Each structure stands twice: as C-alpha cells, then as structure tokens.
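Beneath this line is the structure, given in structure tokens, with notes to follow.
Quick caveat: nothing in here was measured; it's all calculated off a predicted structure. As the structure lists them, so they are numbered: ligands from 1, and atoms in each ligand from 1.
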Amino acid sequence: MKFDVVIIGAGPSALALACTLAKTKLKICVIEKNSRNKFSKPKNDGRDIALTHRSINILKKFGILKFINSKAISPVKEARILNGNSPRYLHIDHTKTIKDSLGYLIPNQIIRKAIYKKIKTLKNIKIFSKTDVLNINSNNFSSKIYLKNKKNIESKLTVVADGRLSKIREKLGIYTNKTNFEASMTVFRMKHQLSNNNIASEYFHYNQTLAILPIQKNLSSIVITLQNNKSKIFLNLTKRKINQKIENDLKGKLGKMNLIGKKYTYPMLTVYSNEFFRDRCVLIGDAAVGMHPVTAHGFNLSLRGINILQDEIENALINKIDIGNVNTLKKYEKKFRQVSLPIYLATNGIVRLYSDQKPIVKLARKSLLRLANTFWPVKNAVIDELLLKNS
Ligand SMILES: Cc1cc2nc3c(=O)[nH]c(=O)nc-3n(C[C@H](O)[C@H](O)[C@H](O)COP(=O)(O)OP(=O)(O)OC[C@H]3O[C@@H](n4cnc5c(N)ncnc54)[C@H](O)[C@@H]3O)c2cc1C
C-alpha cells in the first residue's frame with residue numbers, strides 16, 4: 001500500500017491534521033492501534049480543554065468548529081491567579097481587550113467527536129484501526145512503515161502523533177527532555193451554590209494546585225494537582241469529604257460544593273522532543289511536546305504546530321517539491337520550536353516555583369505575582385498570547 005501521508009495515531013492532533021490536509025488531495029492514511037469506537041465515540045475523560053481565540057480560529061479554518069454545538073462552549077471572562085490564601089491575585093480581564101472573553105472551555109470528548117465528524121465528510125482519508133505500528137525505515141524516496149499484522153505501508157511523509165509516551169519517536173532514535181513531577185492531576189465537576197461569574201481561578205497552595213474552570217453559572221470543572229502520595233489519599237476520600245475539602249480550600253467563595261460524576265486522574269510527566277523530525281518522519285501533538293496541563297497549553301500548541309506543518313506542506317506542493325524533503329521539515333521544526341520552547345520552559349518553571357517549599361522560593365513567588373500584576377508588559381504578554389497577537 002502506498003500513501004502520500006501516513007499519520008500514526010488517531011488522537012485529536014492526528015485527526016485534526018488529517019482534516020486540514022484533506023483539501024490538498026494528497027492520499028492520506030491514519031493508523032491507530034485502538035478500535036474505531038475509541039476515537040469515533042470517545043468517552044468522557046473529564047478534561048475541559050481551555051482554548052485560546054487563536055485555537056478557535058484554527059478549528060474554524062480546519063472546518064471542525066461547525067461540528068461543535070455552541071451550547072458546549074463556555075466563555076472565560078476573567079482569570080485570577082492566587083498565591084496560597086493571599087487575597088491578592090494576578091488579574092487578567094477580557095474588558096482590557098477587544099474580545100468578549102479571554103478564551104473558551106470545551107470538553108475534550110466534544111472536540112474529539114467534532115474532529116471525527118469532519119473526518120467522516122472527507123473522501124481521501126483512509127483509517128486503519130486496531131493496527132499497531134512497530135517500526136519505520138526511511139530512504140531518499142519514501143518511508144516504509146511496518147505493522148504488527150505483518151503488512152507494510154509506504155509513504156512520502158510519515159507523521160508521528162502517538163502521544164507523549166510515543167514508541168515510534170523512540171524507534172526513530174529521537175531523544176526527549178522528560179520531567180516527572182511525581183504528581184497527579186485529578187479532574188472532576190462540581191455544582192456550587194454561588195455563581196462562578198465566568199471566572200477561571202488558579203490557587204497555588206504550598207502542597208496543591210487547585211483550578212476552578214467555569215462551565216455554567218453554578219457548575220465548574222475542578223482540577224487538583226497533588227504529589228502522588230497525597231493524590232492517593234485524596235482519591236480515597238468520600239464524596240462528602242471532597243465537597244467539604246474544596247469548600248474549605250475556596251474559603252466558601254462558591255458556597256456549598258457538590259461533586260457530580262466521576263474523577264479522572266493523570267500522571268504529571270512532561271516531554272519535549274530534541275528533534276521534531278528525522279528522515280521523512282515528523283512529530284506533532286503530544287509526541288512532539290507533552291505539556292504540563294497547569295497552563296492549559298497542550299492542545300493549543302498542538303494546533304499551532306499543525307497549522308505550521310500544513311503551511312509548509314502546502315508550500316512544498318505549490319513549488320512541486322517532495323513533501324518529505326529536509327528543508328520543508330526543517331522549517332516546521334524551527335517555527336514550532338520558536339513557539340513551543342518558551343511556553344514549555346515557562347510552564348515547567350512555574351510548576352517548580354509553585355511546588356517548592358523553601359522559604360526563599362515562597363518569597364520569590366509572592367513577589368513575582370505582585371510584580372506581574374502591576375507590571376503591564378507581563379500582563380500584556382499573557383493577553384497577547386490569549387488573543388492571538390503575534391500569530
Ligand atoms: C488533565 C488534562 C487537562 C488538559 N487540559 C488542557 C487544556 O485546558 N488546554 C489544552 O490546550 N490542552 C490541555 N490538555 C492537553 C491535551 O489534552 C493534549 O495535548 C491532547 O489530548 C493530545 O492529543 P494527541 O493527539 O497529541 O495525543 P493522544 O491523545 O495521546 O493520542 C495518541 C494516539 O496514538 C495512538 N497510538 C499510540 N501508539 C500507537 C501505535 N504504535 N500505533 C498506532 N497508534 C498508536 C493512541 O492509541 C492514541 O489514540 C490537557 C491534558 C490533560 C491530561
């Protein structure tokens with residue numbers, strides 16, 4: 001079997017790239033090790049994905065946004081970042097901008113369903129499910145992809161989108177910078193007595209990080225990050241104790257809290273690939289950059305990377321050059337590194353700063369938030385990032 005582009009993985013990054021490349025008329029194939037049900041009817045995974053205006057525009061451009069019901073999109077009007085129980089906070093407000101919100105929250109399950117609905121309308125994409133990729137070999141003309149079912153596929157360009165623990169990245173010999181924070185993030189939804197006023201809040205306590213993401217007036221997504229040993233204890237608490245704990249942690253700001261539905265837990269391991277391509281294979285999504293979710297950048301970055309790669313592939317097609325050529329992939333690598341590396345390093349730096357208990361670090365984080373709140377260049381940089389200036 002021969003294809004122009006083979007994409008390994010059928011996660012949101014892989015399928016979003018397939019959607020946008022479909023219009024080029026390239027022959028595209030997606031290979032996923034799980035059954036079709038897993039990506040065509042994705043289950044709730046508890047994640048409410050915070051998307052920037054830039055990402056919403058990219059989803060619109062890829063033809064995906066129209067498959068998302070507007071009722072499933074929750075606007076975030078303000079963001080507050082607090083240091084422990086201090087009443088001061090870093091305040092970012094949409095009224096200082098030309099937009100009517102800072103960004104939006106959409107359940108991951110809904111984003112994934114929308115991407116699949118778009119895929120179903122496209123003719124030049126073939127999906128092989130329950131198919132595991134074992135290895136890849138490339139030469140000057142093509143790559144050969146070896147499958148577990150003993151078949152193989154040839155492609156001009158292979159896109160590796162098999163997630164942050166990517167096995168294919170390893171097979172290609174690409175090293176990564178990995179950080180295991182020995183912590184877990186648990187996400188769940190809570191109803192509450194008082195309105196959240198569309199405000200997203202992030203509380204950096206000394207032994208936990210707690211984020212409140214506004215879904216509806218009296219419904220929020222709660223994101224709690226704890227060291228692994230503390231996380232185990234938290235997961236064993238009764239519903240009544242969790243309600244009480246979050247109510248206490250928030251000092252009753254949202255009134256009575258009521259846990260609804262299941263809790264979902266994720267290990268906090270971040271990954272940054274040293275190379276974004278090797279031979280005819282290019283890395284996207286979490287396989288390229290696996291972010292700590294505390295700054296909600298993972299899928300936003302992935303969409304920016306896909307947008308860059310799509311532009312470079314289209315340029316190659318316009319200039320009638322091989323889509324897997326080194327220069328095309330080098331340009332993608334350079335541009336995506338410029339966008340992703342500062343955000344990756346800053347996010348890991350924030351996580352370290354806000355989980356370190358040393359007195360000097362505690363003092364530094366207090367001063368940093370105060371400085372950021374009064375020093376407009378810092379605030380403006382955050383707002384620019386959210387509102388797609390410099391895109
Ligand atoms: C708790 C949490 C909250 C988050 N919140 C936000 C947020 O607010 N904003 C934001 O932008 N991002 C957020 N993210 C990040 C976002 O969810 C991820 O960046 C995104 O889901 C990554 O998608 P992906 O397609 O790159 O990888 P994945 O979803 O990991 O997909 C990889 C796919 O490859 C398949 N695969 C693996 N190996 C093989 C193989 N050998 N052969 C074939 N197929 C294979 C897998 O089965 C899977 O389907 C959050 C993440 C977490 C954990």
Got a salt bridge between [X] and [Y], using NZ or NE/NH1/NH2 to carboxylate O under 4.0 Å?
{"X": "Asp311", "Y": "Lys331", "result": "no"}
{"X": "Lys27", "Y": "Asp4", "result": "no"}
{"X": "Arg189", "Y": "Asp48", "result": "yes"}
{"X": "Glu312", "Y": "Lys335", "result": "yes"}

Quiz prompt | Ser302 to ligand 1, any heavy atom closer than 4.0 Å | solution =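 Not so, Ser302 does not reach ligand 1.
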
Quiz item: Any chain of hydrophobic side-chain contacts (each under 4.5 Å) joining Val271 to Val282?
Solution: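 Each belongs to a different hydrophobic cluster.
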
Quiz item: Is it the case that one hydrophobic cluster holds both Phe276 and Ile343, taking links as side-chain heavy atoms less than 4.5 Å apart, direct or via other members?
Solution: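 Yes, Phe276 and Ile343 fall within the same hydrophobic cluster.
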
Distance from [atom] to nearest protein heavy atom, with residue and atom:
{"atom": "atom 6 (C) of ligand 1", "value": "Ile49 CD1, 3.5 Å"}
{"atom": "atom 7 (C) of ligand 1", "value": "Ala50 N, 3.4 Å"}
{"atom": "atom 44 (N) of ligand 1", "value": "Lys33 N, 3.2 Å"}
{"atom": "atom 16 (C) of ligand 1", "value": "Arg47 NH1, 3.9 Å"}
{"atom": "atom 31 (O) of ligand 1", "value": "Gly11 CA, 3.5 Å"}
{"atom": "atom 36 (N) of ligand 1", "value": "Asp162 CB, 3.7 Å"}

Does the N or O separation between [X] and ligand 1 drop below 3.5 Å for any pair?
{"X": "Leu51", "answer": "no"}
{"X": "Ser13", "answer": "yes"}
{"X": "Val133", "answer": "yes"}

Applying a 4.0 Å heavy-atom criterion (strictly less than), which segment of [X] is in contact with ligand 1: side chain, backbone, both, or neither?
{"X": "Asp48", "result": "backbone"}
{"X": "Tyr266", "result": "side chain"}
{"X": "Thr131", "result": "backbone"}
{"X": "Ala161", "result": "backbone"}
{"X": "Glu32", "result": "both"}
{"X": "Met185", "result": "side chain"}
{"X": "His297", "result": "backbone"}
{"X": "Pro293", "result": "side chain"}
{"X": "Leu301", "result": "neither"}
{"X": "Asn34", "result": "side chain"}

Compare [options] and give the one whose heavy atom is closest to [atom].
{"atom": "atom 15 (C) of ligand 1", "options": "Tyr264, Phe128, Phe299, Phe39", "result": "Phe299"}
{"atom": "atom 40 (C) of ligand 1", "options": "Leu134, Asp132, Asn300, Thr225", "result": "Asp132"}
{"atom": "atom 29 (O) of ligand 1", "options": "Ser221, Pro12, Gly163", "result": "Pro12"}

Practice problem: Among Thr24, Val5, Thr328, find the one that has a side-chain contact (heavy atoms from CB on, under 4.5 Å) with Ile323. | Solution: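 It is Val5; the other options fail the test.
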
Ligand-side contact atoms (ligand 1) for residue partner [X], heavy atom cut-off under 4.0 Å:
{"X": "Ala296", "answer": "7 (C), 8 (O), 9 (N), 10 (C), 11 (O)"}
{"X": "Asp286", "answer": "18 (C), 19 (O), 22 (C), 26 (O)"}
{"X": "Ile31", "answer": "43 (C), 44 (N)"}
{"X": "Gly285", "answer": "26 (O)"}

When you compare the side chains of [X] and [Y], does any donor N or O come within less than 3.5 Å of an acceptor on the partner?
{"X": "Ser101", "Y": "Asn198", "answer": "no"}
{"X": "Glu32", "Y": "Asn34", "answer": "yes"}
{"X": "Thr186", "Y": "Thr265", "answer": "yes"}

Quiz item: Using the ring of each side chain (for Trp, its six-membered ring), is His53 parallel, tilted or perpendicular to Tyr104, with breaks at 30° and 60°?
Solution: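 The rings of His53 and Tyr104 stand perpendicular, inter-plane angle above 60°.
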
Test item: [X] side-chain N/O and [Y] main-chain N/O as donor-acceptor pair under 3.5 Å:
{"X": "Ser40", "Y": "Arg36", "result": "yes"}
{"X": "Arg112", "Y": "Lys43", "result": "no"}
{"X": "Asn300", "Y": "Thr52", "result": "yes"}

Exercise. Would you name the heavy atoms of Leu329 and Asp279 that are closest together and state the gap between them?
Key: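 Closest approach of Leu329 to Asp279, heavy atoms only: CD1-O, 3.6 Å.
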
Quiz prompt | Side chain to side chain, Phe234 and Lys230, heavy atoms closer than 4.5 Å | solution =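 With C-beta onward as the side chain, the pair stays apart.
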
